[in-house]
Each structure stands twice: as structure tokens, then as C-alpha cells.
Amino acid sequence: MSKADRERVVGGRVKRPRTVNWPLWIGSALIAVVLFLAVAGPTLAPNDPREHHLIIQVDGKWLTPPYPAFTPGYLLGSDTLGRDLFSWLLWSVRPTIVLVVVVAALRMVMGIIFGIGAGWSDRLIGRLCDGLITAALSVPTLIAALIVITAVGFRFGVWSFVVGLAVTGWAETAQLVRERTRTVKAQEAVEAARALGASGAQIVILHILPQVMPMIWMLLAFEVSHAVATTAGLGFLGYYLGGPIFAEVDDFVYRRISEMPEL
């Protein structure tokens, strides 16, 4: 049956059959699973992921790490220090999600403030915001995070990563908000509101923000993914959320590892 045959006219209007938005349902299910693991992950972990097991006995045989997957007590195996990877994964979701959500929220707030300031004002404040956006765009987020974390150190723990990831990551959002603000500013509705005596703050709240916010919710998902990717890059370079430690992996051979579980 063709699409035209499945459409029916009811009350003079074309009624189309209902369709299921599978991408929305699948995405919602994945988010629900991630949130569930963030809340209940540590209680579901069979082992403490920070414990080192340098030798175990399985079926009368002595094994040394890394243990392969499906080893008794190690569903996904272990790393070179004998730490359970399955438990590490369950423990890692919560701190990583908290970090990226806080970083994304800060980026959104800063992006909205500087973007609207640069797009709305033609005075000094507008030029200052515009210059800050340009300066922030010129410094890669990963490089800025490395500089901030190295300068601050790990004594502030996760907050060093929050500041490092948010110090320049807001610039892309601010750039898009700035252009959107300038587009809305040129609309006739804004000119009419100005002619009726509305203040700049009233125009921003009643006209600019309602047309900017739909774009912000879309950008929030990109900011979360970008924060996760940048955190992974920092981990690859040896910068971990809980701070690095040096563990002996062989005779007089030490390796820089993470003590705090993270993705």
C-alpha cells in the first residue's frame, strides 16, 4: 500500500498514520542506562577497582596480570596491575558524568553571557566580549586545559579539570549565540519593541533569549561530548581526575596511572 493510500481525509484534513520516533526512544533508553549506572554503578561492582591483585590462582594455576576476560572474578579482565576492569567501568560513570555536566553547564552560561553581550551591545562591553570570544577561539581547549591544570596542580582535585575545560570551551557556543543575537536584533519585532519604549534588558529577556535557547539545548549535547573527548585526551597524556600516582609494574619500572576510576 502506498503512502497516499494510507492517508485518510478526516474532517477535511489529511490524517497521516502515527510513526514511532525510534532515534528518540533509543537515545532516551541509552541516557537512562547511563544515569542508572551513574547512580547505582558502585553498588553493582563486584570488586573494588582500586585494589591491586598481582597474582591469583585459577583452577590450580597461578596467573599474573593482565588477566584475560571471563577470568573468575574478572568479567572484562584486568589491567597490568590486576585491577578489575568491569568494576572500574561501573565506578567510572558517576565522576565522569558529573564532570562533563558541570563543565557543559559552565560553558553554556558563559557562552550565553558573552555571546549576547557581543551580539547585542555596540559599545565598549560589546567590543570587549567580542575580543574575549576571538581570544578564546585562538587557544585550543586541550592546550588551555593542560596549562591550567599544570599551573593549578592537582591539589584542587576535579575542580582543576572543571576550570581547565571551561576556560576556553565556551567560545564556540558564544560565537553561535553572537551571530544569532545579531540576526534577531535586526528583526522588525525588536525595532517595534524599542520604539514602544522597551529597555535593552527587556528586549534581551523577551525577544533575544526565547530565540536563542532552542539552539542552546542542541549545543549542550555537543558540549558534553566535547568535554568527554577532551577528558579522554588529558587521560592519554597522563592527566587524571583524581591525580596521577606512580605504581611499580615491573622490577624498578614505574608507570603513571590513575587512582580514581574514570572513563
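These values consider heavy atoms only, across backbone and side chains, with no hydrogens, waters or symmetry-generated copies. Note that the structure is predicted; figures quoted are calculated from it, not measured.
- The residue from L209, I203, I208 that alone fulfils the side-chain contact (heavy atoms from CB on, under 4.5 Å) condition with V184 is I208.
- A side-chain donor-acceptor contact under 3.5 Å links T134 to the backbone of D130.
- We find that K185 and D122 are joined by a salt bridge, their nearest charged nitrogen and carboxylate oxygen being less than 4.0 Å apart.
- When hydrophobic clusters are built by joining Ile, Leu, Val, Met, Phe, Trp and Tyr residues whose side-chain heavy atoms come closer than 4.5 Å, directly or via intermediates, W120 is not grouped with I125.
- The heavy-atom pair separating P42 from V39 by the smallest distance is CD-O, 4.2 Å.
- For R94, there are no side chain to side chain donor-acceptor pair (under 3.5 Å) partners at least two apart in sequence or on another chain.
- Residues L106 and W170 have side chains not in contact (no heavy-atom distance under 4.5 Å, counting atoms from C-beta outward).
- Taking every heavy atom of both residues into account, V103 and A166 meet most closely at CG1-N, 4.4 Å.
- No donor-acceptor pair under 3.5 Å is formed between the side chain of S87 and the backbone N or O of P49.
- Distance CG/L142 to CG/L237: 6.0 Å, rounded to 0.5 Å.
- Between R107 and E172, the closest side-chain pair of non-hydrogen atoms is not below 4.5 Å.
- A distance of 6.0 Å separates CG of L234 from CG of L165, quoted to the nearest 0.5 Å.
- Between the side chain of Y67 and the backbone N or O of I55 there is at least one donor-acceptor pair closer than 3.5 Å.
- The same ILVMFWY cluster, assembled from side-chain heavy atoms under 4.5 Å apart, contains both M213 and F222.
- In terms of modelled atom types and a separation under 3.5 Å, the side chain of E51 and the main chain of D48 share no donor-acceptor contact.
- Taking CG of L81 as the start and NE2 of H52 as the end, the distance is 5.0 Å to the nearest 0.5 Å.
- Using a 4.5 Å heavy-atom cutoff, the side chains of W25 and V20 are in contact.
- Here the shortest heavy-atom pairing between A136 and T168 reads O-CB, 3.9 Å.
- Between the side chain of T150 and the backbone N or O of L146 there is at least one donor-acceptor pair closer than 3.5 Å.
- The side-chain heavy atoms of V139 and I147, taken from C-beta on, include no pair separated by under 4.5 Å.
- Proximity of a side-chain donor or acceptor of T96 to a complementary backbone N or O of V93 within less than 3.5 Å is not detected.
- Between the side chain of D84 and the backbone N or O of P46 there is no donor-acceptor pair closer than 3.5 Å.
- Contact of the L85 side chain with the Y74 side chain is not registered, since no non-hydrogen atoms from C-beta on lie closer than 4.5 Å.
- The backbone N or O of V177 lies less than 3.5 Å from a partner atom in the side chain of T181, making a donor-acceptor pair.
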With side chain to side chain contact (heavy atoms under 4.5 Å, CB included) as the test, would you mind laying out the steps for L176 and M218 before giving the verdict? CA-CA 12 Å; L176 295 174; M218 176 191 67; over 6 Å; no
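- Looking at F36 and L44, their side chains come closer than 4.5 Å, going by heavy atoms from C-beta outward.
- Considering every non-hydrogen atom in both I133 and A118, the closest pair reads CD1-CB, 3.9 Å.
- E223 and T173 share a side-chain donor-acceptor pair at under 3.5 Å.
- Linking Ile, Leu, Val, Met, Phe, Trp and Tyr whenever their side-chain heavy atoms come within less than 4.5 Å puts V212 and V204 in one cluster.
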Let me see the working for I116 and R178 under side chain to side chain contact (heavy atoms under 4.5 Å, CB included), right down to the final yes or no. CA-CA 6 Å; I116 291 179; R178 178 186 62 188; over 6 Å; no
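- Ion pairing between R50 and D79 fails under the 4.0 Å rule for side-chain N and carboxylate O.
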What do the steps show when you test I149 against V163 for side chain to side chain contact (heavy atoms under 4.5 Å, CB included), and what is the final call? CA-CA 8 Å; I149 295 172; V163 176; over 6 Å; no
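- Residues I97 and V101 are in side-chain contact: their nearest non-hydrogen atoms beyond the backbone lie under 4.5 Å apart.
- Separating the CD atom in Q202 from the NE2 atom in H207 is a distance of 9.0 Å, to the nearest 0.5 Å.
- Linking ILVMFWY side-chain heavy atoms closer than 4.5 Å, directly or via other members, places W217 and L219 in a single hydrophobic cluster.
- L76 and F70 fall within a single hydrophobic cluster, where Ile, Leu, Val, Met, Phe, Trp and Tyr side chains are chained together by heavy-atom contacts under 4.5 Å.
- Across every non-hydrogen atom of I205 and P210, the tightest pair is O-CD, 3.3 Å.
- Note that CZ of F86 and CH2 of W91 are 13.5 Å apart. Values are rounded to the nearest 0.5 Å.
- When all heavy atoms are compared, the tightest approach of A174 to F114 is CB-CB, 4.4 Å.
- For the residue pair R83/H53, the side-chain donor-acceptor check at 3.5 Å is not satisfied.
- Here the CD-CG distance, from Q57 to L63, works out to 9.0 Å after rounding to the nearest 0.5 Å.
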